[in-house]
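Letters A, B, ... mirror the listed sequences (proteins, then strands); counts begin at 1. The model shown is predicted, which means the values in this text are computed figures rather than measured ones.
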Amino acid sequence: MRFRVSSINVSVDGSSVEVESGADGFKLFTERSIVAMRVNGELRDLAHKVSAGDLIEGVAISSPDGLNILRHSAAHVLAQAVQNINPEAKLGIGPPIKDGFYYDFDVENSFTPEDLKALEKAMERIIRSGQRFIRRVTTDGEARVELSGEPYKLELIGLKGSDLGEGSAEVGAGELTIYDNVDPQSGETVWKDLCRGPHLPNTRMIGNGFALTRVASAYWRGNENNKQLQRIYGTAWPTKDELRAHQERLEEAARRDHRRLGVDLDLFSFPEEIGSGLAVFHPKGGIMRRVMEDYSRKRHEESGYDFVYSPHISKSNLFEISGHLQTYADGMFPPIRMDEEVDEHGNVTKVGQDYYLKPMNCPFHILIYRSQPRSYRDLPLRMFEFGTVYRNEKSGVLHGLTRVRGLTQDDAHLFVTQENMEQELTDVLGFVLGLLKDYGLNDFYLELSTREEGNPKFVGSDEIWNTATATLEKVAADSGLELVPDPGGAAFYGPKISVQARDAIGRTWQMSTIQLDFNLPERFDLDYTTSDGSKQRPVMIHRALFGSVERFFGVLTEHYAGHFPPWLAPVQVVGVPIADAFSEYLHHIAAQLRKAGVRVMVDDSDDRMQKKIRNHTMNKVPFMLIAGEDDQKAGAVSFRFRDGSQENGIPVADAIARILKAIEEKVQV
RNA sequence: GCCGACCUGGCGCAAUUGGUAGCGCAUCGCACUUGUAAUGCGAGGGUUAGGGGUUCGAGUCCCCUGGUCGGCUCCA
């Protein structure tokens, strides 16, 4: 008689499969690329035993889940390697992140680059030894005994089930589990870590597509009042080739870094003498900035904005009314005390006034609004200013042009009625997207930042928040763009939409923000007279397209990798004569271009022609016009483009027309 | 702000255990006058971010200040 094992039915990747009861993922999936599975929506190890009726999907190593598992497993191996070398190291957390993983350690001395090399070697040994990751369910009490030497893990056990934030890779809401790393030869557990999993079946599957990238420090559980742990970052990929490709992407990003291009192309600098985060724009950067600003002004003018100007400093009172001083004093430059008189004993005989550098333009625009009684007929009122503001950003956050202490916002404030709020928001969003496209960004999505229910920091009535949020949501939805919710991300005074742009290499940058504000109209007691003669409070919309001109400049530099389209390029055309004799001919052409407003120069230097071509190629000039005897005889010129391609014998008039057209149409060449 | 690393002519980099600062590009001068990414020769330029200390001697070691970079925290 045949022994009958009981069998069960499960669904595997959509089809029903009969397996013997007690079967695990290794039975269901034989392909090596499947490293884990989803059982009824939950990620599980392949060693998990399935039950009748389970809905099971295989998780491939190259899928988003699979990559996370790979990287999380790599983090464990890193931690094991660290503790092998330094048994005193205490474990923090070690989650997967975009492109890689990290692990935090409490160690006496911080890690050095040499340590990383040694750790990579140690990781390779662990990976090659083929340790198995074995999940083991434990209890609070048992885990506390086992992990008594790991204070941070003990803290996580205590937090289990509560709001964990960063620790969620270690302990989940369900069972408490420990992963044992078991040596396949001896069967001994050589290392273990508190972890909710899942993991790869075996360390060998991490392969050789990983690298340790940098050391840093990070506050325990992300709180700056906690101790700083030493963090090691790594990257991990299914194959060595994918690791290479990732490293090449990083190199490409480094080549585009605006801080480097700013020096190479002589666009801007941060002289130490001026102070951190305070940029100067050199002539080449200056002309680009002027072109950017001029075009923005023109478009704003066409779209019904009024241009206003406001000073850079103000008495403290203004920022007390606006609330900035109470909420953001830390982020403002300290006050300048004026007109105070003190006697020889140090007693104040005349009270002075504190002046502050402005951190925002809004209060100034509000005062302009308030300078006269307003009627519903005046609204919407749109005030625009390139307003330079100063913020005392913490020294550690400064970064090139993208995070600075002095910045110029392309700032506008729109004063609208409740009734025309929706129309105005729709128009603003359309305006913003259209203008960003003209600067060459065209891949967008939107983020809707809303208030956090019950958090008292958000001011204003529920009703107006609900209306405003619904309006923004509708406007965002009507745009047809992808909308990502950002709950709790609103400013304290109102919800906002932000436009996120993807650049040429797929990175996203937060660009424009459109923010509703119910708070400042209240604080400044703004009103307008309605058609029935009653007073109503206007709603304010804050919006900036560039965010700051500096930041936008930096983003465009990286987007274009310094290959600015002709309309923005600091030098648009360079004439290169084959020999001195043809210089005059090129000067004649250049004069015509210059007359048409083109930024053109002729390279009369002693350098050889080849050298000139090299120089201007490296300076990323969009058009080179080369002329020698053949061209001069034919009344023609030869184009050379940035990519090295060329077109010879173009009649001068055609060449000029082409250049003018490219500039006019803002195309890239 | 915190942790760590770093700061050498305009730019990119060198300088064995602490022993009197070199190179390339750029700049300037001279020669060459050239058909698509570096012509040759010569010259000038740095009290090694600033200050203090240790030492017979400091670019190298220590301290302070400033700045930069990588993260963390923050970003109206």
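- Listed by chain and number, the residues in a side-chain hydrogen bond (donor to acceptor under 3.5 Å, both in side chains) with A/N619 amount to none (sequence neighbours excluded).
- Each of A/R259, A/R260, A/R255 was scored for a salt bridge (charged side-chain N to carboxylate O under 4.0 Å, His left out) with A/D257, with one residue passing: A/R259.
- One can find a donor-acceptor pair under 3.5 Å joining the base of B/rC2 and the side-chain atoms of A/Q228.
- The OH atom of A/Y493 sits 6.0 Å away from the CG atom of A/D517 when rounded to the nearest 0.5 Å.
- Side-chain contact of A/E320 with A/S322: a donor-acceptor pair under 3.5 Å is absent, judged by distance alone.
- One finds no salt bridge joining A/E447 and A/K496 here, because no Lys/Arg side-chain nitrogen approaches an Asp/Glu carboxylate oxygen to under 4.0 Å.
- If you measure from atom CG of A/D115 to atom C1' of B/rA5, you get 13 Å, rounded to the nearest angstrom.
- In this structure, A/F546 has its ring center at least 6.0 angstrom away from the ring center of A/F553.
- Between the P atoms of B/rC13 and B/rU20, the separation comes to 25 Å (whole Å).
- Taking the C1' atom of each, B/rA43 and B/rU47 are spaced 22 Å apart, rounded to whole Å.
- Between B/rG66 and A/S276, no contact under 4.0 Å exists linking OP1 or OP2 to a side-chain N or O.
- Side-chain rings of A/Y369 and A/F415 approach one another, their centers coming within less than 6.0 Å.
- Counting non-hydrogen atoms under 4.0 angstrom, A/G331 reaches a base of the nucleic acid.
- Checked against a 6.0 Å centroid threshold, the rings of A/Y233 and A/F101 do not count as neighbours.
- A tilted orientation is assigned to the rings of A/H324 and A/Y328, their planes being inclined by 30° to 60°.
- Distance A/R214 CZ to B/rC6 P: 16 Å, rounded to the nearest Å.
- Using a 4.0 Å heavy-atom criterion, one finds that A/F111 contacts no nucleic acid atom at all.
- Counting non-hydrogen atoms of other residues, nucleotides and ligands closer than 6.0 Å to CD of A/E108 gives a total of 12 or fewer.
- Here the P atom of nucleotide B/rC75 and the CG atom of A/D486 are 12 Å apart, to the nearest Å.
- Relative to the ring axis of A/F319, A/K358 does not place its NZ or CZ within 45° and under 6.0 Å from the centre.
- Note: CZ (A/R260) to P (B/rG70) measures 14 Å, nearest angstrom.
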Dot-bracket for RNA chain B, please, read 5' to 3', with Watson-Crick or G-U wobble pairs under 3.5 Å on both distances, ( ) within the strand, [ ] crossing, | other strand, . unpaired. (((((((..((((.....[..)))).(((((.......))))).....(((((..]....))))))))))))....
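- Across B/rU60 and B/rG50, the matching P atoms stand 11 Å from one another, rounded to whole Å.
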Tell me, with the steps shown, if A/I313 and A/Y356 meet side chain to side chain contact (heavy atoms under 4.5 Å, CB included). CA-CA 5 Å; A/I313 62 172; A/Y356 283 89; over 6 Å; no
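- Of the residues in residues 392-407 of chain A, those with a non-hydrogen atom less than 4.0 angstrom from any atom of RNA chain B are A/K394, A/S395, A/G396, A/V397, A/H399, A/R403.
- Using C1' as the reference atom, B/rG29 and B/rA37 are 26 Å apart when rounded to the nearest Å.
- More than 12 heavy-atom neighbours from other residues, nucleotides or ligands sit within 6.0 angstrom of NE2 on A/H312.
- Rounded to the nearest Å, the gap between the C1' atom of B/rG52 and that of B/rA58 is 13 Å.
- Regarding contacts with the backbone of B/rG70, a side-chain N or O of A/R259 is found under 4.0 angstrom from either OP1 or OP2.
- If you measure from atom CG of A/N226 to atom P of B/rU73, you get 11 Å, rounded to the nearest angstrom.
- No side-chain donor from either of A/D104 and A/W220 sits under 3.5 Å from a side-chain acceptor of the other.
- Toward the 5' end of RNA chain B, the nearer of the two residues A/Y328 and A/N223, judged by each one's closest nucleotide, is A/N223.
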Any protein N or O atoms within reach of nucleotides 8-10 of chain B? Criterion: under 3.5 Å, listing atom names and distances.
none

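- Between A/L250 atom CG and B/rC69 atom C1' the separation is 16 Å, expressed in whole Å.
- Here, B/rU8 and B/rG46 have their P atoms 16 Å apart, quoted to the whole Å.
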Quick one: what's the B/S/- string for nucleotides 33-38 of chain B, heavy-atom cutoff under 4.0 Å, read 5' to 3'? BBBBBB
Output one line per pair: protein atom, nucleotide atom from nucleotides 42-51 of chain B, and distance, for all N/O pairs under 3.5 Å.
none

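- At whole-Å resolution of the value, CE in A/M360 and C1' in B/rA76 are 5 Å apart.
- In this structure, the ring of A/Y309 has its center no less than 6.0 angstrom from the ring center of A/H365.
- The side chain of A/Y233 places an N or O atom within less than 4.0 Å of a non-bridging phosphate oxygen (OP1 or OP2) of B/rC72.
- Atom NZ in A/K358 sits roughly 15 Å away from atom C1' in B/rA76 (whole-Å rounding).
- Side-chain atoms of A/Y219 come within donor-acceptor range of the base of B/rG1, with a qualifying N/O pair under 3.5 Å.
- Spacing of C1' atoms, B/rA15 relative to B/rG24, comes out at 15 Å, to the nearest Å.
- For A/R658 and A/E647, the salt-bridge test passes: some basic side-chain N is under 4.0 Å from an acidic carboxylate O.
- Remark: the separation of the C1' atoms in B/rG9 and B/rG45 is 6 Å, to the nearest Å.
- One finds the CZ atom of A/R403 at 11.0 Å from the OG atom of A/S548 (value rounded to the nearest 0.5 Å).
- Paired with A/D106 under the rule salt bridge (charged side-chain N to carboxylate O under 4.0 Å, His left out), one option of A/K90, A/R231, A/K227 passes, and it is A/K227.
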